[in-house]
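Following: one structure in C-alpha cells, then a few remarks.
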Protein chains: 2
Amino acid sequence: MPRPVTIRTVARMAGCSIATVSRVMNGTGPASVEAETRVRAAVAELGFRPSEIGRSLKTLRTRTLGVVIPSLTNPVFASSVAGIEAEARKHGHVLLVTATDYDPGRERELVDTLVAQSVAGLVMTVADPDSNPTLDHLDTAGIPYVLVYNEPQRSGRAAVTVDNAASGRTLTRAFIDKGHARILFVGGRFSSSDRSRLRYRGYALAMREAGLQAAPVLELDYLADVAAHRVALETLFAVQPCPSALICSNDLLALSIAAAVRDMGLRVPQDISVAGFDGISIGRLVSPSLCTIDQPTRLMGERAVQRLFELIACTGLRAVEHLPFRLRLGESIAAAPEDTGIGPLATLTA
Amino acid sequence: MPRPVTIRTVARMAGCSIATVSRVMNGTGPASVEAETRVRAAVAELGFRPSEIGRSLKTLRTRTLGVVIPSLTNPVFASSVAGIEAEARKHGHVLLVTATDYDPGRERELVDTLVAQSVAGLVMTVADPDSNPTLDHLDTAGIPYVLVYNEPQRSGRAAVTVDNAASGRTLTRAFIDKGHARILFVGGRFSSSDRSRLRYRGYALAMREAGLQAAPVLELDYLADVAAHRVALETLFAVQPCPSALICSNDLLALSIAAAVRDMGLRVPQDISVAGFDGISIGRLVSPSLCTIDQPTRLMGERAVQRLFELIACTGLRAVEHLPFRLRLGESIAAAPEDTGIGPLATLTA
DNA sequence: CTGTTAGCGCGTTCAT
DNA sequence: ATGAACGCGCTAACAG
C-alpha cells in the first residue's frame, strides 16, 4: 500500500525540516517565500494531508463531534443529524454517529466509546435528560454536550428544543376548537421519551382548560406494525366509546395509527381525526396530509452544533433554548362528528 | 477539567509500569494474577479507557469507518446507515458519517477528510461508480471501500446492491400485466444516480419486450416540492396523452408525484397508477399504500460492512454482490382504465 | 512475569 | 527564517 506519505516525506522533497512544513501548513510562524513555495509544491505533488491523528495526539483535541440518537430510521432524528453534519462541516469538523436503538441502557456505553475517541463534544438525544447518570458523568468529566429534542426541566444542561408541552396544548386546542371532546392521546413509551411525556402534559392541560377530562395515555410501541396498533385500538374501543380524535406523540406513530384506523374500516378524518408531532416532510405528501406540529428539525441540529462550539470555547450557556413550532393543520383533522357517545372519554367535568 | 487520566495514571495507582497496564487491557502477553487484579482495580476506580488516538498513532490504523452518502434525509440512505452503524458497532468500530447533499463534486473533498482521519475503510454511495476519479484515487491509494446501492458495470469495485435493471423490468412488467401501455418513467436526475439510469433501462427493456414503445424519461429534481412536480406533469400532459401509469425512480419521488397527481384532480390508482423503488417503510403506512420494489436496505448496509472487513483483512473480493429484491404491489397500482388515447406514449411498435 | 524504551505523525518550544 | 529535539498516549520489542 503506497500510503506512507507523512510530513517527513514532504520535508524531504521540499528540502527542509518538518518544522517548516508544519509552519507553512498551519500558517503559524514565519517562513520564507521561497521555502513556502517549495513546500506547497511538494504538498501538491504528494497529495499530502496531515494526519488528524498525529495532530490530535499533540493538541489533545480533535475536530470530531460525537452524536448519540435513538435511531437513524426515524426521519426526525435523521433530519437533525443532517443539520448537525452540515453545521459541523462548516466548522471543519466531522461526526461520529451512534444510535441506541431506543435502549437507554446503551447511552453510557456509546458515550464512553465516543469519549475514548476524544471527541471535542457531543450532541445527544437521550431518553431522560433530567435523571441521567451518563449526563452526570459528562458534567463531572467536563465534556461539553448539547441535547436536541430533550427538554431538561432542571437547568444546568444545554439543550435545543421546542416547548413540547406548549405544542401539545396548541395541537389539542385545535381539536377542541373544531368541536372535539373525546380526544385520546396515543404515545410511545414514556420511559424512552421525555418529549412524549411533555406533549401529553400539554394535552392534559388543554383538556382541563376546556373543561374536558383528559384520558389516560394509550401507551404503545411506536415501532410495532400497523396490525399491532390496530389490535391496541380495538381492545381499547371495546371497553369505552370510540374517540373522535387521536393525538399521537410523533408523526411516524400517527401515520401508523391512521393506517390502523383505516384498516378498522373508519375514515380519516371523517370518522376519526388523527394528528402527530414533528412535522416530518413526508407528512405533507400523504393523503390526507398529516395534521402535525411543525418543528425546525434541521435547524435544531444546526443550533445545537453552534452552541456546542460556544460551550467548547467556554462562551456558551448551559440553558434550554426553545425554537418556535408551528401548527400545521393538514387534512387529517376535521370538525368533530355529531357527538353521540357518552362514556369515560366524553365526560364533561365542568 | 479533570481529564488527564492516562495509562500512566493507572500504572502509578496500580504500582506497575505502563507496559503491564497495556498488556492487561489488551490481553496480550503475560501478567501475574496479582498485577492484573491491581490494574483492573485501578482502571475501574479511575474509569480509565485507553485513548483511541494514542492507540491509532501506534498501530497506524483506527477502529473507524467512513461513510459517504448523498443525504441523510432520504429514508433509504438513513436506513442503510443504520445497518452500517449496527454492524460496525458489532465489530467494535464507529462511524464517521458525511453527506454530499447530492453534489458529486463534494465526494472527493469528503473522502479526503475521512482519509485524513485514517479511517480503516469506507462505505459509500456515489453518483457515478464507473467513471469516478475519487474511487480511482482510493484504488491507487489502496484504501478499501464498498459501494452501497451503486452498481458498477465494469468490475474491480466492491459493491452491495440489488439488480436495478431487473427490478425496473419486474416493476414495469407488473404494470403491463395489468393492461397498462402508456407507462411513463419519472426519474431523478440521471447524473446524480446510476440507480435511476439502470431502473430506466429495465423499464425500457420490459416495454420493448412487450412490444410497447418506451417513452423518454421525465427527468426532474426529486427534492423539489409537489407544486413543481405538478407543473412538470401538466406541462408534459399538455402535449401528449396522459399516461395511465407513472413509474418513479424512487419512493420519495413517487410519494410526491402521487400528491401532485391528486392535486391535479386525478385519483390514484383509479385514474393513474403510481409506483416507486426502494421499499421505504412509510410506503406501507400511506393510503393508498405504495407499489414499490422492496429492497433489504438495512441488510445492504450490514453486508457492506462485512465485506469491507473482508477487504481490510485482504480476504475479500472486489465484486458486485446482488441482494434479492421483491415486488410489493400495494394499493397504488390498479388495472389500466379503458385505453382511449392514442399518441406517442401509446403507440404500439409491434 | 515485568520494566524500559523506541517510535507512530504531528505541533511546538528553543536554539541557531 | 529555520532546524533539532521533545512529547502527546499508546503498543510492541526487548532486556531483565
Side-chain angles (χ1 to χ4, degrees), chain A residues 1-40 42-43 46-64 92 112-113 115-120, chain B residues 1-40 42-43 46-64 92 112-113 115-120:
Chain A
M1 331 208 173
R3 177 69 186 122
V5 48
T6 124
I7 196 174
R8 256 176 286 271
T9 324
V10 178
R12 212 174 306 133
M13 175 175 286
C16 66
S17 75
I18 63 169
T20 302
V21 176
S22 175
R23 275 190 284 260
V24 168
M25 299 234 48
N26 298 300
T28 128
S32 70
V33 187
E34 187 186 337
E36 174 162 350
T37 312
R38 289 205 315 275
V39 168
R40 295 218 180 281
V43 165
L46 294 167
F48 171 71
R49 177 119 176 215
S51 155
E52 283 293 331
I53 302 211
R55 181 203 302 267
S56 300
L57 189 51
K58 180 61 191 173
T59 62
L60 287 188
R61 57 197 161 135
T62 63
R63 293 173 182 171
T64 298
D112 283 346
T113 300
V115 169
Q117 300 279 350
S118 308
V119 291
Chain B
M1 334 210 171
R3 176 71 184 121
V5 48
T6 121
I7 196 174
R8 258 175 283 271
T9 324
V10 178
R12 212 175 306 132
M13 175 175 286
C16 65
S17 75
I18 62 170
T20 303
V21 176
S22 175
R23 277 190 285 260
V24 169
M25 299 236 46
N26 298 300
T28 132
S32 70
V33 186
E34 188 186 337
E36 174 162 350
T37 312
R38 290 206 315 276
V39 168
R40 295 219 181 279
V43 165
L46 294 168
F48 170 71
R49 176 116 176 216
S51 156
E52 283 293 332
I53 303 212
R55 182 201 304 265
S56 300
L57 188 52
K58 177 60 189 175
T59 62
L60 288 189
R61 56 198 161 137
T62 63
R63 293 173 181 170
T64 298
D112 283 347
T113 301
V115 170
Q117 300 279 352
S118 308
V119 291

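Residue numbering restarts at 1 for every chain, and letters A, B, ... go by the order of the sequence lines.
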Between P of dC10(D) and CZ of Arg12(B), the distance in whole Å: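 Atom CZ in Arg12(B) sits about 12 Å away from atom P in dC10(D).
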Under 3.5 Å: donor-acceptor pair, side chain of Arg61(B), backbone of Ala120(B):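 No, the answer is negative, given that no donor and acceptor are paired below the 3.5 Å cut-off.
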How about [X] and [Y]: do any of their side-chain heavy atoms sit closer than 4.5 Å?
X        : Y         : result
Leu46(B) : Met13(B)  : yes
Arg55(A) : Asn26(A)  : yes
Thr64(B) : Gln117(B) : no
Arg49(B) : Val115(A) : no
Glu52(A) : Ser118(B) : no

Angle between terminal axes - the helix from dC1(C)-dG16(D) to dT16(C)-dA1(D), 5 pairs each end, rounded to 10°: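 Nearest ten degrees gives 50° for this helix.
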Partner set under salt bridge (charged side-chain N to carboxylate O under 4.0 Å, His left out) for Arg40(A), not counting sequence neighbours: Glu36(A)
Under 4.0 Å protein heavy-atom contact, by nucleotide of nucleotides 8-16 of chain C - B base, S sugar-phosphate only: BBSBB----
side-chain contact (heavy atoms from CB on, under 4.5 Å) partner of Ile53(A), the single match among Ser56(A), Pro50(A), Ser51(A):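 Single pass found, and it is Ser51(A).
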